[in-house]
Asks: 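Below are the structure tokens for one structure; questions will follow.
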Amino acid sequence: MAILPILCYPDPRLHKVARPIAAVDDRIRTLVSDMLATMYDAHGIGLAATQVDVHERLVVIDVSEERNQPLVLINPELAWTSAEKHLNEEGCLSVPGIYDGVERFDAVHVRALDEQGQSRVIEADGLLAVCIQHEMDHLMGKVFVEYLSPLKRNRIKTKMVKQQRGARE
Ligand code: NI
């Protein structure tokens with residue numbers, strides 16, 4: 001298992017659209033285990049392959065308190081969304097230290113392959129539903145701050161660029 005570097009907003013590679021995974025093979029299973037290690041190391045609840053500069057449709061999630069219920073979604077597609085939406089506070093490992101409100105469906109059903117290549121449908125609500133929608137956005141090249149006003153987004157961009165400059169010095 002390896003800890004992979006996580007891209008930070010506003011890195012343009014975060015806006016690449018991921019392609020579907022044709023075969024769930026050992027290369028993908030190694031990527032899954034590296035992404036889980038990276039997510040747990042960073043104390044995150046979700047990580048999309050896009051964030052580690054791999055532009056393929058794969059996300060890992062664990063919203064459990066005990067950090068022992070990993071969920072692997074390969075080629076995820078939303079099969080159903082609730083009529084209701086709510087504002088939830090979100091953060092992102094690619095935008096460290098920033099939290100803000102984003103409107104998401106209350107509940108979703110997502111069809112995806114697991115790391116064995118088996119297809120299943122996951123019925124999610126609450127934090128898991130929010131997390132799935134956030135991670136699936138990453139695969140489309142979308143970061144949650146893009147839902148915020150241009151003014152807020154520009155402030156966040158400036159702050160991130162300054163932080164990254166500071167980290168390099
Ligand atoms: Ni994120």
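Counting convention: from 1, in listed order, for ligands and their atoms alike.
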Asks: Is Glu56 salt-bridged to Arg27, cutoff N-O under 4.0 Å?
Replies: yes
Asks: Counting no waters, what protein N/O/S atoms lie under 2.8 Å from the Ni ion (ligand 1)?
Replies: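 As for protein N, O or S atoms lying under 2.8 Å from the Ni ion (ligand 1), they are Cys92 SG, His134 NE2, His138 NE2.
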Asks: Apart from Ile74 itself, what residues make up its hydrophobic cluster, given side-chain heavy atom links below 4.5 Å?
Replies: Leu4, Ile6, Ile21, Val24, Ile28, Leu31, Val32, Met35, Leu36, Met39, Tyr40, Leu47, Val52, Val54, Leu58, Val60, Val72, Leu93, Leu113
Asks: Just grab all the ring-ring contact (aromatic ring centres under 6.0 Å, His included) pairs involving residues 102-123, residues at least two apart or on different chains.
Replies: Trp80-His109
Asks: Just to verify, what does Arg29 make a salt bridge (Lys or Arg N to Asp or Glu O under 4.0 Å) with, not counting sequence neighbours?
Replies: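 Once residues adjacent in sequence are excluded, the partners of Arg29 under the salt bridge (Lys or Arg N to Asp or Glu O under 4.0 Å) criterion are Asp26.
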Asks: Given side chains that start at C-beta, do those of Asp100 and Val145 come closer than 4.5 Å, heavy atoms only?
Replies: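 With C-beta onward as the side chain, the pair stays apart.
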Asks: Is there a donor-acceptor pair under 3.5 Å between the side chain of Glu146 and the backbone N or O of Val143?
Replies: yes
